[in-house]
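What follows is a short report on a single structure.
Numbering starts at 1 and runs along the sequence shown.
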Amino acid sequence: MSLENSLSPLTTPTFPIAMHSGEWDRESFWTFADAAKEATEALAAQKMKALENMPVDALRVFCTQYRFFTIEYISDLALLLAKLPFGGLRSLLSQILAEELGEGDQSRAHPAIYDRFLASIGVAQERLDRGLPENKRILGALTQELWQRDAAFGVGLRGMGGECLCQTYLSVMFEHLRVHPYMRENEARIDWEFWTIHTGEEDIVHGELTRAAIDHYIQQEPGALPDLAQGYERSITAWNRFWQNIFDACAPKPSAIS
């Protein structure tokens, strides 16, 4: 299935279509990856505008759903590391994993930091585990594919998809989130640390380093390109579906707006 056909035609910009495995080379891969990322950013910008005027309770539910991605990403990244050969990419992703886990300090683990953000906007502790069933299924399916497929597919799925693409969505989300009236009124007491980490210079550098390490990986393993591209395309499809499910649950439908 192509990426273009996996999403609603009403909300999906034009995505590049995956080529046959024999047509991939390093240049065409990065052209595909960059175009897909730009299209995803445009889709995110289109959808995230709904955050600016979302009812506060719906906003809390919306933000809570992202925590399940952060938790599963850590486990999947650890699984990917076990599959990768020794080298620069494995070392870099190991460093990123250590940071995600708080580098030995559980209170500094990124899911814990995100939970403090949620608490600061009024999300009750007992609501933290209320994930959308369909999104739990999506994340579980990605983990299963990561188990079953080779390392190159996993690099596209969770290396590029998690570390490079995630930053794109989060930056757009933060841009619209911070102008919500509730966020503006309570800005001084909200714990913004997670967003400082994930939408600032540190995460941009992570994305650049990951891209460079993957490019080196491609040069060392050119035969990995088809699986790498397939993993990245799969990640984009799943990531957009993940967010669409959240919008369907939290954002007012056009027909419901008078």
Return the set of residues passing ring-ring contact (aromatic ring centres under 6.0 Å, His included) with His176 (not counting sequence neighbours), or none when no residue passes.
-> none
Phe68 vs Arg130, side-chain contact (heavy atoms from CB on, under 4.5 Å): CA-CA, chis, key distance, verdict = CA-CA 9 Å; Phe68 300 101; Arg130 297 184 182 180; 5.7 Å; no
Write down the atom of Asp227, the atom of Ala152, and the distance for their closest heavy-atom approach.
-> CB-CB, 3.9 Å
Heavy-atom side-chain contact between Arg60 and Val56 under 4.5 Å = yes
Any idea which heavy atoms bring Glu187 and Trp192 closest together, and the distance?
-> O-NE1, 3.0 Å
dist Ser75:OG -> Arg158:CZ (nearest 0.5 Å) comes out at 9.5 Å
Asp248 and Arg241 ion-paired at < 4.0 Å | yes
Please indicate whether Gln125 has more than 12 foreign heavy atoms, meaning atoms of other residues, nucleotides or ligands, lying under 6.0 Å from its CD.
-> no
Start with the C-alpha gap between Trp243 and Lys47, add the side-chain angles, then the distance that decides, and say whether side-chain contact (heavy atoms from CB on, under 4.5 Å) holds.
-> CA-CA 9 Å; Trp243 281 108; Lys47 289 181 172 297; 5.6 Å; no
Using atom types as modelled and distance alone, determine if a side-chain donor or acceptor of Ser235 lies under 3.5 Å from a backbone N or O of Gly231.
-> no
Path from Ile113 to Met183 over hydrophobic side-chain contacts below 4.5 Å = yes
Verdict with reasoning, Arg149 to Lys83, per side-chain contact (heavy atoms from CB on, under 4.5 Å) | CA-CA 10 Å; Arg149 300 293 297 269; Lys83 287 175 168 281; over 6 Å; no
Keeping the roles fixed (side chain from Arg116, backbone from Ser107), state whether a donor-acceptor pair exists under 3.5 Å.
-> yes
Indicate yes or no: at least one non-hydrogen side-chain atom of Gln220 is less than 4.5 angstrom from one of His216.
-> yes
Under the side-chain contact (heavy atoms from CB on, under 4.5 Å) rule, collect the residues that match up with Thr143, sequence neighbours excluded.
-> Glu72, Asp76, Trp147
Do Asp25 side-chain atoms and Ser28 backbone N/O form a donor-acceptor pair below 3.5 Å?
-> yes
Is there a path of hydrophobic side-chain contacts, each under 4.5 Å between heavy atoms of I, L, V, M, F, W or Y residues, that connects Val155 with Trp30?
-> yes
salt_bridge(Glu134, Arg137) N-O dist < 4.0 Å | yes
Hey, what do you get for CG (Leu80) to CZ (Phe153), rounding to the nearest 0.5 Å?
-> 11.5 Å
Around Gln219, counting heavy atoms of other residues, nucleotides and ligands shown, do more than 12 lie under 6.0 Å from its CD?
-> yes
Could you tell me the separation between the CZ atom of Phe32 and the CH2 atom of Trp24, rounded to the nearest 0.5 Å?
-> 4.5 Å
Do Arg211 and Asp34 meet the salt-bridge criterion of a basic N to acidic O distance under 4.0 Å?
-> yes
Within 6.0 Å of CD in Glu126, more than 12 heavy atoms from elsewhere | yes
For residues Ala36 and Tyr232, report the shortest heavy-atom separation together with the two atoms involved.
-> CB-CE2, 4.3 Å
Calculate, to the nearest 0.5 Å, the distance between atoms CD1 and CG belonging to Ile246 and Asn135 respectively.
-> 5.0 Å
Quick one: does Leu177's side chain get under 4.5 Å of Phe62's, heavy atoms only?
-> no
Do Ile138 and Val61 belong together in a cluster built from hydrophobic side chains that touch within less than 4.5 Å?
-> no
Is Ile121 reachable from Phe69 through a run of hydrophobic residues whose side-chain heavy atoms are each under 4.5 Å from the next?
-> yes
Measure the spacing between CG of Leu209 and CD1 of Ile214 and express it to the nearest 0.5 Å.
-> 11.0 Å
Should the pair Tyr182 and His180 be assigned to parallel (<30°), tilted (30 to 60°) or perpendicular (>60°) ring geometry?
-> perpendicular
May I ask you to decide whether Asp215 forms a salt bridge with Arg26, counting only side-chain N to carboxylate O separations under 4.0 Å?
-> yes
Specify the closest pair of heavy atoms between Arg67 and Leu118, including all atoms of both residues, with the distance to one decimal.
-> CD-CD1, 4.0 Å
Say whether Val179 and Ile190 are linked into one hydrophobic cluster, either directly or through other cluster members, by side-chain heavy-atom distances under 4.5 angstrom.
-> no
What heavy-atom pair brings Ala213 and Leu92 nearest, and what distance separates the two atoms?
-> CB-CD2, 3.8 Å
Is any side-chain heavy atom of Met54 closer than 4.5 Å to a side-chain heavy atom of Leu51?
-> yes
Verdict with reasoning, Phe174 to His198, per side-chain contact (heavy atoms from CB on, under 4.5 Å) | CA-CA 10 Å; Phe174 181 60; His198 286 277; over 6 Å; no
CD1 of Ile74 to OG1 of Thr70: how many Å apart, nearest 0.5 Å?
-> 6.0 Å
ring-ring contact (aromatic ring centres under 6.0 Å, His included) involving Tyr114 - partner list, sequence neighbours excluded | Tyr66, Phe117, Phe194
Leu146 to Gly154 - nearest heavy-atom pair and separation = CD1-CA, 3.4 Å
